[in-house]
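In what follows, a structure is listed as structure tokens, so that the remarks can point back to it.
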Amino acid sequence: SLDLQLVAYRSICHGMIMLSDCAPEGYVLSLKTLNTPSRNAITFNIRVNPSKHRQPTDASRTADILLAARVKAHGGRLRRHANSIRVVLWEAVSPPVHQ
């Protein structure tokens with residue numbers, strides 16, 4: 001759905017802000033979608049090659065809080081590592097209405 005796509009987009013933005021503290025040379029984003037009869041899911045992984053030791057900033061702390069809140073609101077999962085973030089977001093699919 002459009003709502004799930006928008007949550008994923010905003011979550012990716014927050015993840016990139018979180019990982020920007022280590023001045024990465026670039027970002028690697030991998031994204032997958034899953035559609036089943038009962039739910040839709042979007043998973044993504046953001047990885048960086050840091051050019052310096054990570055020093056959390058106020059912006060990255062705020063992005064971390066916002067990302068965790070979005071993931072929790074959608075019943076998803078969030079895994080943080082020093083140089084990567086993995087997120088799974090999903091939503092239930094309503095069964096079709098038969099008339």
Side-chain angles (χ1 to χ4, degrees):
S1 74
L2 188 56
D3 287 339
L4 186 61
Q5 292 176 44
L6 183 59
V7 169
Y9 170 76
R10 290 179 176 162
S11 297
I12 290 167
C13 292
H14 292 316
M16 293 179 82
I17 291 169
M18 285 172 58
L19 294 172
S20 67
D21 322 10
C22 59
E25 297 171 3
Y27 296 86
V28 176
L29 172 66
S30 53
L31 183 112
K32 293 181 184 179
T33 61
L34 173 68
N35 300 311
T36 68
S38 61
R39 70 170 62 171
N40 294 327
I42 295 177
T43 62
F44 66 86
N45 186 29
I46 305 170
R47 289 178 287 133
V48 296
N49 289 326
S51 63
K52 67 176 189 175
H53 182 68
R54 185 170 184 208
Q55 295 293 326
T57 62
D58 288 341
S60 70
R61 287 186 198 102
T62 301
D64 187 8
I65 292 167
L66 292 172
L67 176 60
R70 285 188 197 285
V71 170
K72 185 175 182 179
H74 279 78
R77 281 186 270 168
L78 169 63
R79 290 191 181 198
R80 297 177 196 94
H81 299 284
N83 300 325
S84 68
I85 296 170
R86 181 172 298 207
V87 175
V88 178
L89 301 166
W90 57 73
E91 67 182 359
V93 176
S94 302
V97 178
H98 299 285
Q99 296 184 16

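Note: hydrogens, waters and symmetry copies are ignored here, and every other heavy atom, side chains too, is used.
- Applying the salt bridge (charged side-chain N to carboxylate O under 4.0 Å, His left out) test to residues at least two apart or on different chains, the pairs with a partner in residues 13-30 are Asp21-Arg54.
- Trp90 belongs to a hydrophobic cluster whose remaining members, ordered by chain and number, are Val88; membership requires side-chain heavy atoms of ILVMFWY residues under 4.5 Å apart, directly or through intermediates.
- Looking at every heavy atom in both residues, Asn83 comes nearest to Pro50 through OD1-CG, 3.5 Å.
- The local environment of CG in Asn49 is sparse, with at most 12 non-hydrogen atoms from other residues, nucleotides or ligands closer than 6.0 Å.
- Following chains of ILVMFWY side-chain contacts shorter than 4.5 Å, one can reach Phe44 starting from Leu4, so the two form part of one hydrophobic cluster.
- Considering all non-hydrogen atoms of both residues, His74 and Leu89 come closest at CB-CD2, 4.2 Å.
- Hydrophobic side-chain contacts under 4.5 Å tie Leu2 to no other Ile, Leu, Val, Met, Phe, Trp or Tyr residue.
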Side-chain donor-acceptor contacts of residues 28-39 below 3.5 Å, not counting sequence neighbours, with atom names and distances?
{"unit_1": "Thr36", "atom_1": "OG1", "unit_2": "Ser38", "atom_2": "N", "d": "3.4"}
{"unit_1": "Thr36", "atom_1": "OG1", "unit_2": "Arg39", "atom_2": "N", "d": "3.0"}
{"unit_1": "Thr36", "atom_1": "OG1", "unit_2": "Arg39", "atom_2": "O", "d": "2.9"}

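- The backbone N or O of His81 sits nowhere less than 3.5 Å from a side-chain atom of Ser84 that would complete a donor-acceptor pair.
- By the side chain to side chain contact (heavy atoms under 4.5 Å, CB included) test, Ala69 is found to be paired with no residue, residues two or more places apart in sequence or in another chain being considered.
- The hydrophobic side chain of Leu6 is isolated, with no ILVMFWY side chain under 4.5 Å apart from it.
- Listed by first and then second residue, the salt bridge (charged side-chain N to carboxylate O under 4.0 Å, His left out) pairs that reach into residues 70-91 are Asp64-Arg80, sequence neighbours excluded.
- Remark: Leu67 engages Ser11, His14, Met18, Val71, Leu78, Ile85, Val87 in a side chain to side chain contact (heavy atoms under 4.5 Å, CB included) (not counting sequence neighbours).
- Looking at residues two or more places apart in sequence or on another chain, you find no salt bridge (charged side-chain N to carboxylate O under 4.0 Å, His left out) involving Asp3.
- For Tyr27, the side chain to side chain contact (heavy atoms under 4.5 Å, CB included) partners at least two apart in sequence or on another chain are Met16, Leu19, Ser20, Pro24, Ile46, Val48.
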